[in-house]
Amino acid sequence: MESTSAAPAVSSSGVPRVFSVIRALGAVQAEGGRVTQIARSVGLTQATTHRLLQSLMAEGMVEQDERSKLYRLSIDFFALAASAGNPGDLRSICRPVLLRLCASLGDSIFLLARSGFDAVCLDRSEGPFPIRSFTGDIGGRIALGVGQGALAILAFLPEAEREEVIRFNLPRVREYGVYDEVYLRTEIERVRQAGFAGRNTGLLEGMAGVAVPILDREGRAVAALSVGTIADRLNADRMPTVVELLKREAATIGPKINPFDATLRRPAQSLAGSPAGQKIPLPEAPGPG
């Protein structure tokens with residue numbers, strides 16, 4: 001026997017209307033929306049909009065505040081989106097990119113992801129030249145602002161987040177001996193204007209690197225692609241070519257990022273079997289990662 005629901009059923013012809021209501025709710029998710037507001041937004045009558053909202057509530061996709069009577073998409077809706085998400089996590093999406101860049105440039109390529117006040121090395125593809133990086137092997141981490149990759153991420157965070165990270169990390173980056181607040185802020189502004197971090201800090205003679213941020217759909221930096229090589233291979237003539245390749249690949253990654261990707265929330269934990277938590281000793285902590 002078919003079960004019956006207290007909420008009105010929605011026919012297949014009503015599916016476009018259902019999704020128009022969902023999209024309208026998404027646009028007012030922060031404050032919530034009234035039936036009249038949603039109806040006006042989607043061009044339906046209040047009665048029809050109310051029926052659709054009740055059907056979505058019956059399925060657990062919409063909730064209504066008892067006091068304000070405002071409708072919002074429910075936690076179950078976002079949980080469903082998270083479980084579907086993108087079939088590939090950030091590391092899986094970027095692996096072919098790292099291999100392609102490594103083959104094209106002949107240098108080591110790093111994928112770094114933000115983890116709170118740090119950047120974590122999610123993956124790397126080794127080039128033929130022996131180099132060292134701030135993050136070391138996969139799973140290593142460094143304070144945001146130290147090294148090209150971590151600096152590229154920091155520079156393209158929303159302003160409020162960026163200021164919080166600077167306040168917290170300033171004592172940490174000072175440990176490297178060449179950083180102060182003026183220098184760090186100058187470098188951040190330089191990266192924001194250029195769109196990449198590619199300045200040799202001189203922490204290790206003979207090493208150089210360049211990095212570009214990977215931005216999600218909201219333009220927020222969640223990761224970075226970084227090239228590490230010997231200084232002679234990253235001269236003024238070659239730098240524009242390297243930067244262009246990095247930017248081109250980063251631009252293809254951004255739209256593929258799943259905002260619910262657990263790798264972005266817990267990058268170190270996503271590296272099962274990797275040497276997580278490594279940090280290069282301060283005296284020789286140099287290089288591009």
Side-chain angles (χ1 to χ4, degrees), residues 107-122 124 131-136 140-215 219-240 242-244 246-247 250 267 278-289:
D107 296 303
S108 295
I109 312 296
F110 299 82
L111 170 66
L112 283 77
R114 183 192 177 187
S115 178
F117 295 98
D118 295 342
V120 174
C121 180
L122 282 185
R124 61 186 287 174
I131 64 155
R132 297 189 65 210
S133 72
F134 284 111
T135 52
R141 62 173 60 228
I142 192 69
L144 288 175
V146 179
Q148 285 85 354
L151 181 60
I153 295 172
L154 175 59
F156 284 89
L157 292 179
E159 184 177 2
E161 288 185 43
R162 188 168 67 245
E163 288 299 315
E164 189 67 27
V165 171
I166 291 172
R167 282 194 294 269
F168 184 86
N169 277 359
L170 194 56
R172 305 170 71 200
V173 302
R174 282 174 175 155
E175 297 177 18
Y176 287 82
V178 296
Y179 291 90
D180 59 26
E181 184 171 359
V182 173
Y183 178 86
L184 181 59
R185 290 186 180 277
T186 299
E187 289 300 290
I188 288 171
E189 186 57 31
R190 187 194 306 274
V191 173
R192 289 182 59 80
Q193 291 182 8
F196 68 94
R199 185 175 170 88
N200 189 350
T201 61
L203 289 176
L204 184 65
E205 185 178 356
M207 289 290 177
V210 60
V212 301
I214 298 175
L215 309 179
R220 182 193 307 264
V222 296
L225 287 174
S226 177
V227 171
T229 188
I230 57 178
D232 289 344
R233 288 183 53 77
L234 204 54
N235 54 36
D237 291 336
R238 188 168 183 255
M239 178 74 83
V242 176
V243 169
E244 178 60 29
L246 288 175
K247 285 185 174 181
Q278 292 185 358
K279 182 178 179 181
I280 300 300
L282 286 178
E284 296 183 341

Task: Partner residues of Val222 under the side chain to side chain contact (heavy atoms under 4.5 Å, CB included) criterion, sequence neighbours left out - done: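 By the side chain to side chain contact (heavy atoms under 4.5 Å, CB included) rule, Val222 matches Asp216, Ile257, Leu264.
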Task: Under the salt bridge (Lys or Arg N to Asp or Glu O under 4.0 Å) test, residues paired with Arg162 that sit two or more places apart - done: none
Task: Glu163: partners by side-chain hydrogen bond (donor to acceptor under 3.5 Å, both in side chains), with sequence neighbours left out - done: Arg185
How close do [X] and [Y] get, counting heavy atoms only, and between which atoms?
X: Val173; Y: Ala143; result: CG1-CB, 4.5 Å
X: Leu111; Y: Ala223; result: CD1-CB, 4.3 Å
X: Val120; Y: Ser115; result: CG2-CB, 3.7 Å
X: Arg192; Y: Leu157; result: NH1-O, 4.3 Å
X: Gly149; Y: Ala224; result: O-CB, 3.5 Å
X: Val212; Y: Val243; result: CG1-O, 4.4 Å

Out of curiosity, [X] [atom1] to [Y] [atom2], how far, rounded to the nearest 0.5 Å?
X: Ile214; Y: Leu112; atom1: CD1; atom2: CG; answer: 9.0 Å
X: Glu164; Y: Leu144; atom1: CD; atom2: CG; answer: 12.5 Å
X: Asp118; Y: Asn169; atom1: CG; atom2: CG; answer: 6.5 Å
X: Gln148; Y: Ile153; atom1: CD; atom2: CD1; answer: 12.0 Å
X: Arg220; Y: Arg114; atom1: CZ; atom2: CZ; answer: 8.0 Å
X: Leu170; Y: Leu184; atom1: CG; atom2: CG; answer: 6.5 Å

Open item on the list: Assess the residue pair Leu215 and Phe156 against the criterion (side-chain contact (heavy atoms from CB on, under 4.5 Å)); give the C-alpha distance rounded to whole Å, side-chain angles, the decisive distance to 0.1 Å, and a yes or no.
Closed with: CA-CA 8 Å; Leu215 309 179; Phe156 284 89; 4.1 Å; yes
Open item on the list: As a quick check of understanding, evaluate side-chain contact (heavy atoms from CB on, under 4.5 Å) for Asp107 and Leu234, giving each step before the final call.
Closed with: CA-CA 10 Å; Asp107 296 303; Leu234 204 54; over 6 Å; no
Task: Candidate pair Val146 and Leu151, rule side-chain contact (heavy atoms from CB on, under 4.5 Å), full reasoning - done: CA-CA 6 Å; Val146 179; Leu151 181 60; over 6 Å; no
Task: Glu187/Arg190 ion pair, N-O < 4.0 Å - done: yes
